[in-house]
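All remarks here apply to the structure that follows.
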Amino acid sequence: MLLQQLINGISVGGIYALLATGYALIYSLLGFSNWAHGEVAMLGAYIGILSVTALQMPFIFAVILAVVGAGFISVFNEKIAYKRIRDNNSPTMFLMIAAMGLSTTFQNLAIVVFGPKFKMYPQILPVGAVKIGSLSVGLLDLVSLGIAIVAIIGLEYLITKTKFGLAVKAASSNMGTASLLGINVDKYIMLVFFLAGTLAGISGILYGMKYTVYPQLGNVALKAFIASVFGGLGSVQGAIVGAMSIGLLETLVSAYIHSGLRDLITFILLIAILLVRPTGLMGKDIQDKA
Amino acid sequence: MLKIENLHAAYGGIKALRGVSIEVNEGEIVAVLGSNGAGKSTLLKTISGVMKQTEGSVQFDGEEMPRVPYQVVGKGIVHVPEGRQIFSNLTVYENLMIGSFLRKDKAQIEKDLIEVYELFPRLLERKDQYGGHLSGGEQQMLAVGRGLMANPKLMILDEPSLGLAPLIVNQIFEIVKEINKRGTAILIVEQNAMKALKICDRAYLMSTGVIEKSGKPEDLRNDPELMKAYLG
Ligand SMILES: Nc1ncnc2c1ncn2[C@@H]1O[C@H](COP(=O)(O)OP(=O)(O)OP(=O)(O)O)[C@@H](O)[C@H]1O
Ligand SMILES: [Mg+2]
């Protein structure tokens with residue numbers, strides 16, 4: 001029973017992690033909290049569900065369309081709002097305010113265009129559970145966890161082992177100097193938004209399949225935000241650890257204490273972290289020496 | 001190789017450059033000297049495309065320089081900025097790799113890396129440390145080494161001696177000379193005029209956005225009025 005809950009917990013954590021890593025990447029690069037990130041996941045989930053139900057597309061194509069679509073929506077936010085604000089040399093606070101505006105806009109648009117009702121993803125995977133010994137784990141949870149793990153390993157590889165990752169780390173450390181040394185910073189920012197958007201899209205689809213799809217689905221990004229603070233703002237590894245911890249915590253609280261306390265405890269955790277260890281579990285504090 | 005003509009640049013209403021013309025020839029070390037706020041950094045920023053000029057031209061090997069920094073370095077000019085500007089959350093090695101970001105010649109990059117480690121043995125010792133954990137002098141070495149990794153034809157240096165102990169300053173200047181000997185032209189901006197005049201082939205004296213004088217270091221040094229005004 002406990003083992004089952006733990007697997008369930010990390011599976012939910014994986015969905016949060018997909019969202020939290022992209023959020024952390026954007027934060028590390030631009031230093032602002034992208035509140036519209038959850039809406040990218042929400043729109044991805046809608047693109048997926050509508051492609052299958054309204055357009056009768058094969059599921060795999062619907063997923064690809066949703067993931068790529070979410071990537072482009074994320075880039076759209078960067079192009080129409082964030083980039084212009086940066087180019088104006090406006091305070092970073094403006095980026096966050098713009099993100100809040102985009103978030104509300106997308107949520108309301110979704111209500112108007114898709115309707116306020118909850119939508120169910122059609123049954124793609126056979127319902128039921130996989131039995132491993134005396135354990136019985138939901139098939140969807142297992143698949144979801146597998147996908148999250150593959151995506152996160154891919155992301156880790158990109159960041160730690162490729163020239164793309166090096167450029168992003170350099171730009172997040174010092175944009176001006178990165179560009180002096182040949183890095184087209186705006187291009188890499190755009191690529192990061194695309195990458196973060198695709199991860200959010202995957203997250204949105206998995207979340208929609210586990211629960212339902214609805215216009216406020218993007219509020220789940222708050223969990224990603226907490227995960228990111230918990231792990232250390234701007235740290236991708238921190239976001240993964242934070243997301244897994246929150247997934248586990250929520251599942252265990254729901255199972256053994258009371259499901260009504262789930263969010264309460266998560267938020268108490270957030271406040272505790274902010275008070276006790278504001279740099280998070282893996283936050284960096286490498287400062288420039290004068 | 002570098003030919004700057006009648007360069008004007010401004011920050012809003014503040015005219016920081018008012019018709020600057022300078023030249024750097026193949027193989028030279030050229031110094032631009034002047035006090036705080038003379039416009040030295042602005043001149044370098046305009047060369048590397050960080051600032052856009054309102055008037056005038058920046059030509060390199062007969063070609064007008066692009067006005068986007070990330071394209072300028074590909075043309076063979078690397079700007080080592082004021083205040084070192086190390087990537088603090090990258091290791092020393094990663095900092096150096098960013099220097100060679102645009103290059104494709106893997107084998108030559110390896111050789112240049114070895115050469116940089118030869119010039120700065122300290123960087124080899126600390127290659128896996130974060131840039132932010134280096135001392136000021138080590139950071140300056142890293143900034144110069146990182147610039148070298150771009151394999152520049154011309155290196156422009158903004159006050160490499162800033163805030164460093166005299167011993168380290170001497171070291172840095174020796175290395176600048178050595179880099180020049182190995183075939184890279186140097187344009188160096190300094191407040192430490194005596195030191196800069198010792199290593200340069202020619203110097204320009206700048207104040208409030210204009211070049212006031214230029215010449216060989218020995219001539220400038222022998223001009224008592226200039227010595228008083230610029231060199232303290
Ligand atoms: N970002 C900026 N915004 C507005 N004015 C600026 C800016 N940077 C420089 N200036 C102004 O432009 C002029 C030239 O500055 P610059 O930094 O080029 O001087 P400098 O010769 O490099 O001085 P220092 O030796 O102190 O580095 C100064 O009057 C300065 O106040
Ligand atoms: Mg300066």
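What's counted below: heavy atoms across the whole structure, side chains too, no hydrogens, waters or symmetry copies. Chain A is the first sequence line, chain B the second, and so forth, proteins listed ahead of strands; every chain is numbered from 1. No experiment lies behind these values; they were computed from the predicted model shown.
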Scanning both residues in full, the closest heavy-atom pair of A:T177 with B:P81 reads OG1-CG, 4.4 Å
_Neighbour count above 12 (heavy atom, 6.0 Å) for A:F76 CZ_ = no
Under 4.5 Å to a heavy atom of chain A? For B:L90 that would be side chain
If one checks every heavy atom of B:V50 against chain A at 4.5 Å, the contacting part turns out to be side chain
Residues B:F87 and A:S173: closest non-hydrogen pair is CA-OG, 3.3 Å
Is the OH atom of B:Y117 crowded by more than 12 outside heavy atoms at less than 6.0 Å? yes
(Q) Can you confirm whether A:L275 is buried at CG, in the sense that more than 12 heavy atoms of other residues, nucleotides or ligands lie under 6.0 Å from that atom? (A) yes
task: Using modelled atom types only, decide if a donor and an acceptor are shared between the side chain of A:K163 and the backbone of B:F101 within a distance under 3.5 Å.
output: yes
dist A:N184:CG -> B:L102:CG (nearest 0.5 Å) comes out at 9.5 Å
Item checked: Within 6.0 Å of CD in B:E125, more than 12 heavy atoms from elsewhere -> yes
Tightest non-hydrogen contact, residues A:K169 and B:N89, listed as O-OD1, 4.2 Å
When rounded to the nearest 0.5 Å, the distance separating CE of B:M97 from CG of A:L166 is 8.5 Å
Below 4.5 Å, heavy atoms only, C-beta onward: do B:Q85 and A:L180 meet side chain to side chain?
no
Note: vs chain B, highest number of non-hydrogen pairs under 4.5 angstrom among A:S172, A:A178, A:A170, A:A167 is A:A170
